Visitor: 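The structure under discussion is supplied below as structure tokens; questions concerning it will follow.
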Amino acid sequence: MSDERLLDVNELDELNELMKARFNKLNELKEKGINPFGQKFARTHHVQEILDNAQAFIDSGQEVVIAGRLMAKRGHGKAGFANLQDLSGQIQIYSRLNDVGEEAHDLFKKADIGDILGVKGTVFITQKGEITIAVKELTLLTKSLRPLPEKFHGLKDVELRYRQRYVDLIMNPEVKKTFILRSKIIQAMREFLDKQGFLEVETPTLHAIAGGAAARPFITHHNALDIDLYMRIALELHLKRLIVGGLEKVYEIGRVFRNEGISTKHNPEFTMMELYQAYADYHDMMRITEEMVAYIAEKCLGTTKVMYEGTEIDLTPPWTRITMVDAVKKYAGVDFNEIKTDEEARNIARKLNIAVTDDATKGSVLNEIFEEIVEPNLIQPTFVMDYPIEVSPLAKRIEGNPDFTYRFEAFVVARELANAFSELNDPIDQRERFLKQVEQREKGDDEAHMMDEDFVRALEYGMPPTGGLGIGVDRLVMLLTDSPSIRDVILFPTLRPREK
RNA sequence: GAGCCAUUAGCUCAGUCGGUAGAGCACCAGACUUUUAAUCCGGGUGUCCCGCGUUCGAGUCGCGGAUGGCUCACCA
């Protein structure tokens, strides 16, 4: 497929001088019969293996073959040093005319920063003490036509870092580290769940009814069926159908989509882990949450004490457990056990300078006060239990206290990390709650749930008592990689497209 | 959606009071056979984000717009 034509550099008016120079070199290479976009290359080692075992390589005089991107070059006429970077790290190479011959040394001298090279050679240590590969053979594997950012400062421009993540990954080792860690975190999560006997499943991303969360969905269209479909906003309702079907312990790690604002904590598409366990309740979900997070931290970081933005967070189980009513009593000084009417609740909220609507109920006011006053205090991992029914349309009511549900959210550094409950399995109650949501929807709340008749039907066949849990994977990764923005843990965060 | 801030060479950044654009890296030419932000010597490569306005004159001042960042709102 290689194109042997030479490019006329004069036709490349729109290119800057740096790129013109590289196109010229590309032409020179083609004229010499060197393919600037080479073939498969058999490596014997990664850079880090050589760095870790340098003395053994030196003693044995063993030849090594590595490949990577040229990141820096220091020429000395008839010799020269360069740094080559592969996935594992960077190593210095040394090309000496007498050792490699004129042709290879010429290739070395003409090589640009950014070119991808294959190197065969032996390991030695320079006078300055740096582990180095003495080049015996040099192969150009890929000519780079665009100049890389400056070697010392790297790529700083945040917008360019997100738009051209490939450059970010080349230039900023900590970015590479973060995304490798992200992969390990998800791997550890799977490992934990698989060990516990959970079955990993895949459910549809295209939904006829977007349910399982309060969020505005994206709408798309299927041409052959000529119907609009929603991109899923949660995994919940399909996974619970599988519990009805008898799969007992299921989980899914998958992308969900919410058509809402973008911030340091929100990306329109993000990754959720949801699991459901038959015959379990929300206490079991708390144990799974704290044990899973601790397992992942231990596995990926070697500790359950992590630093986040300068604060040490201790993820060691058990985590603090407190009911929402007790938390509000503790931090806001208001005892909702003593409050009898909605009006009384609204007046207290207003006294605390929290805006509530005239039809706000006691439960929704409690939730407002919690979010405003309590949440910012929840730095160390905390389970907040027993949410009001108004804000929990899919959770089971507490026996003997029907205004509240067996639901908790886990908070770490004042952010919601997990949301879980003993699942509502009463189809009659579920239908009523959907109807209440539909009412809200008709009043203009386009984040309220839609009626999902098929889900109610599934419950009518009978769903065992079930515990369910959802964890925002991106937020977990932020916590464990000390990343201040969700964009730092998403390879290609959503940005407005640019003209150029 | 609102407020604040940013946008100058490929990259990282200076740019004074409004006087016609600069550094380092990178790049081009030369020297250099153990350097490492290599060094020495010569060379500045530009739609100052875009548009309109003020002005004799705008990178700089004003207005409008674009993109991004942060904060807030929204997001149970």
Side-chain angles (χ1 to χ4, degrees), chain A residues 14-22 24-25 71-83 90-100 105 108-110 112-114 124-132 134 144-164 167 170-171 212-216 233-234 258-268 270 324 355 363-364 366-368 370-371 375 384 387-395 405 407 409 415-416 419 421 437 440 445-449 472 484-485 487 493 495-500:
Chain A
E14 73 285 0
L15 290 185
N16 63 54
E17 293 303 314
L18 285 84
M19 284 189 71
K20 278 185 187 169
R22 290 182 178 222
N24 277 326
K25 287 185 183 175
M71 297 303 289
K73 207 169 87 170
R74 299 171 290 281
H76 294 264
K78 296 185 178 64
F81 294 90
N83 293 352
Q90 275 194 28
I91 195 166
Q92 178 166 269
I93 63 170
Y94 176 58
S95 173
R96 191 165 169 267
L97 177 62
N98 295 11
D99 296 338
V100 300
H105 192 64
F108 176 87
K109 287 179 83 169
K110 287 263 162 61
D112 284 310
I113 287 169
F124 76 107
I125 293 182
T126 62
Q127 288 173 6
K128 304 277 176 173
E130 178 144 355
I131 299 162
T132 302
S144 169
L145 296 174
R146 284 183 186 272
L148 283 175
E150 188 219 0
K151 62 186 167 195
F152 193 61
H153 296 92
L155 184 65
K156 286 263 166 55
D157 186 306
V158 191
E159 188 176 349
L160 278 183
R161 285 188 43 222
Y162 297 150
R163 287 192 198 277
Q164 300 183 27
V167 182
I170 292 167
M171 297 307 297
R216 245 182 309 245
I233 56 173
R258 297 188 183 176
N259 204 342
E260 282 155 3
I262 295 176
S263 77
T264 48
K265 296 173 195 66
H266 302 83
N267 196 63
F270 60 102
M324 185 183 277
S364 61
L366 171 67
N367 188 56
E368 281 295 322
F370 169 76
E371 285 180 5
E375 265 191 35
V384 175
Y387 275 58
I389 189 152
E390 293 94 321
V391 295
S392 314
L394 300 164
T405 59
R407 173 186 177 192
E409 289 190 337
R415 287 177 204 164
E416 178 193 340
N419 180 22
F421 23 96
Q437 290 286 313
Q440 295 289 327
D445 180 0
D446 50 9
E447 280 158 13
H449 278 72
S485 167
R487 296 181 203 99
L495 294 182
R496 199 181 284 271
R498 292 220 104 171
E499 306 270 318
K500 257 174 109 175

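FYI, side chains are in, hydrogens and waters are out, and symmetry mates aren't considered; it's all heavy atoms of this structure. Remember, predicted model here, so these are calculated numbers, not experimental data. Note on naming: letters A, B, ... go to the chains in the order of the sequence lines (proteins, then strands), and numbering restarts at 1 for each one.
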Visitor: Please pick, from B:C25, B:C74, B:G68, the nucleotide with the shortest atom-to-atom distance to any side-chain atom of A:R496.
Guide: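 Closest nucleotide among those given: B:G68.
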
Visitor: Is a donor-acceptor contact shorter than 3.5 angstrom present between the side chain of A:R96 and the base of B:U33?
Guide: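 It does, because a donor-acceptor pair links the side chain of A:R96 to the base of B:U33 below 3.5 Å.
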
Visitor: What distance separates A:N83 CG from A:Q90 CD, expressed to the nearest 0.5 Å?
Guide: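 These two atoms lie 5.0 Å from each other.
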
Visitor: Which nucleotide in the list B:C28, B:U34, B:C70 gets nearest to the side chain of A:Q127?
Guide: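 That would be B:U34.
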
Visitor: Expressed in angstrom and rounded to an integer, what is the separation of A:D446 atom CG from B:C74 atom C1'?
Guide: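 Rounded to whole Å, this separation is 11 Å.
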
Visitor: Across the strands shown, which category fits A:A72 at heavy-atom distances under 4.0 angstrom: base, sugar-phosphate, nothing?
Guide: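 The answer is nothing, as A:A72 stays clear of every strand by at least 4.0 Å.
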
Visitor: Provide, to the nearest angstrom, the distance between the CD atom belonging to A:E159 and the P atom belonging to B:A66.
Guide: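 My rounded result for the distance is 14 Å.
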
Visitor: Using a cut-off of 4.0 Å on non-hydrogen atoms, how would the nucleic acid contact of A:R407 be classed: base, sugar-phosphate, or nothing?
Guide: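 Result for A:R407 = base.
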
Visitor: Taking Watson-Crick and G-U wobble pairs with both distances under 3.5 Å, convert RNA chain B into its dot-bracket string, 5' to 3', dots for unpaired and | for cross-strand pairs.
Guide: (((((((..((((.....[..))))(((.((.......)).)).)...(((((..]....))))))))))))....

Visitor: For a quick check of understanding: with a heavy-atom distance under 4.0 Å over all strands, which category does A:Y162 fall into, base, sugar-phosphate or nothing?
Guide: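 Sugar-phosphate, backbone atoms only, no base.
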
Visitor: Indicate, with a heavy-atom threshold strictly under 4.0 Å, whether A:E390 touches base, sugar-phosphate, or nothing.
Guide: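 Contact class for A:E390: none.
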
Visitor: Send over the distance from A:N24 CG to B:A29 P, rounded to a whole Å.
Guide: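 It works out to 9 Å between those atoms.
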
Visitor: In whole Å, I'd like the distance from the NZ atom of A:K78 to the C1' atom of B:U39.
Guide: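 The distance from NZ of A:K78 to C1' of B:U39 comes to 17 Å, rounded to the nearest Å.
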
Visitor: Between atom CD of A:E260 and atom CG of A:N267, what is the distance when rounded to the nearest 0.5 Å?
Guide: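 One gets 12.0 Å once the value is rounded to the nearest 0.5 Å.
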
Visitor: Measure the distance from NZ on A:K73 to P on B:U34 and round it to the nearest whole Å.
Guide: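 These atoms are roughly 17 Å apart.
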
Visitor: So, is A:R163 near the phosphate of B:G69, with a side-chain N or O under 4.0 Å from OP1 or OP2?
Guide: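 So the side-chain polar atoms of A:R163 never come under 4.0 Å of the phosphate oxygens OP1 or OP2 of B:G69.
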
Visitor: On the nucleotide B:A38, are OP1 or OP2 found under 4.0 Å from the side-chain N or O atoms that A:R74 carries?
Guide: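 Indeed, a polar side-chain atom of A:R74 lies that close.
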
Visitor: Specify the separation, in whole Å, of atom CD1 of A:I262 and atom P of B:A2.
Guide: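 Interatomic distance, CD1 of A:I262 to P of B:A2: 16 Å.
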
Visitor: Taking only the side-chain heavy atoms of A:K128 (C-beta and beyond), determine which of B:A26, B:U33, B:U35 contains the nearest atom.
Guide: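 Among B:A26, B:U33, B:U35, the one nearest the side chain of A:K128 is B:U35.
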
Visitor: Would you mind classifying the nucleic acid contact of A:E260 as base, sugar-phosphate or nothing, using non-hydrogen atoms under 4.0 angstrom?
Guide: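 Sugar-phosphate: the residue A:E260, judged by heavy atoms under 4.0 Å, touches backbone atoms but no base.
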
Visitor: Looking only at side-chain atoms of A:T264, point me to the closest of B:C32, B:U34, B:C70.
Guide: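 Taking heavy atoms from C-beta onward, the closest nucleotide is B:C70.
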
Visitor: Check the angle between the aromatic planes of A:Y387 and A:F370 and answer parallel, tilted or perpendicular using the 30° and 60° thresholds.
Guide: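 A:Y387 vs A:F370 ring planes: perpendicular.
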
Visitor: For the base of B:U35, is there a side-chain donor-acceptor partner from A:Q92 under 3.5 Å away?
Guide: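 Donor-acceptor pair under 3.5 Å: yes.
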
Visitor: Provide, to the nearest angstrom, the distance between the CD atom belonging to A:E371 and the C1' atom belonging to B:A73.
Guide: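 A:E371 atom CD is separated from B:A73 atom C1' by 14 Å.
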
Visitor: Mind checking A:K25 for me? I need base, sugar-phosphate or nothing, with any heavy atom below 4.0 Å counting as a touch.
Guide: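 It contacts sugar-phosphate atoms only.
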
Visitor: Look at all strands and tell whether A:R146 reaches a base, only sugar-phosphate, or nothing, counting heavy atoms closer than 4.0 Å.
Guide: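 Counting heavy atoms under 4.0 Å across all strands, no contact is made by A:R146.
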
Visitor: Can you tell me, in whole Å, how much space there is between the P of B:U8 and that of B:C13?
Guide: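 Approximately 10 Å lies between the P atom of B:U8 and that of B:C13.
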
Visitor: What does the B/S/- profile of nucleotides 3-15 of chain B look like, 5' to 3', with a 4.0 Å heavy-atom cutoff to protein?
Guide: -------BBS---

Visitor: With the side chain of A:F81 defined as its heavy atoms from C-beta on, choose the nearest nucleotide among B:A26, B:U35, B:G68.
Guide: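 Between B:A26, B:U35, B:G68, the one nearest the side chain of A:F81 would be B:U35.
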
Visitor: Is A:E416 touching bases, backbone alone, or none of the nucleic acid, heavy atoms closer than 4.0 Å?
Guide: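 Since no nucleic acid heavy atom lies under 4.0 Å of A:E416, the category is nothing.
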
Visitor: Provide, to the nearest angstrom, the distance between the CE atom belonging to A:M71 and the P atom belonging to B:A37.
Guide: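 Atom CE in A:M71 sits about 15 Å away from atom P in B:A37.
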
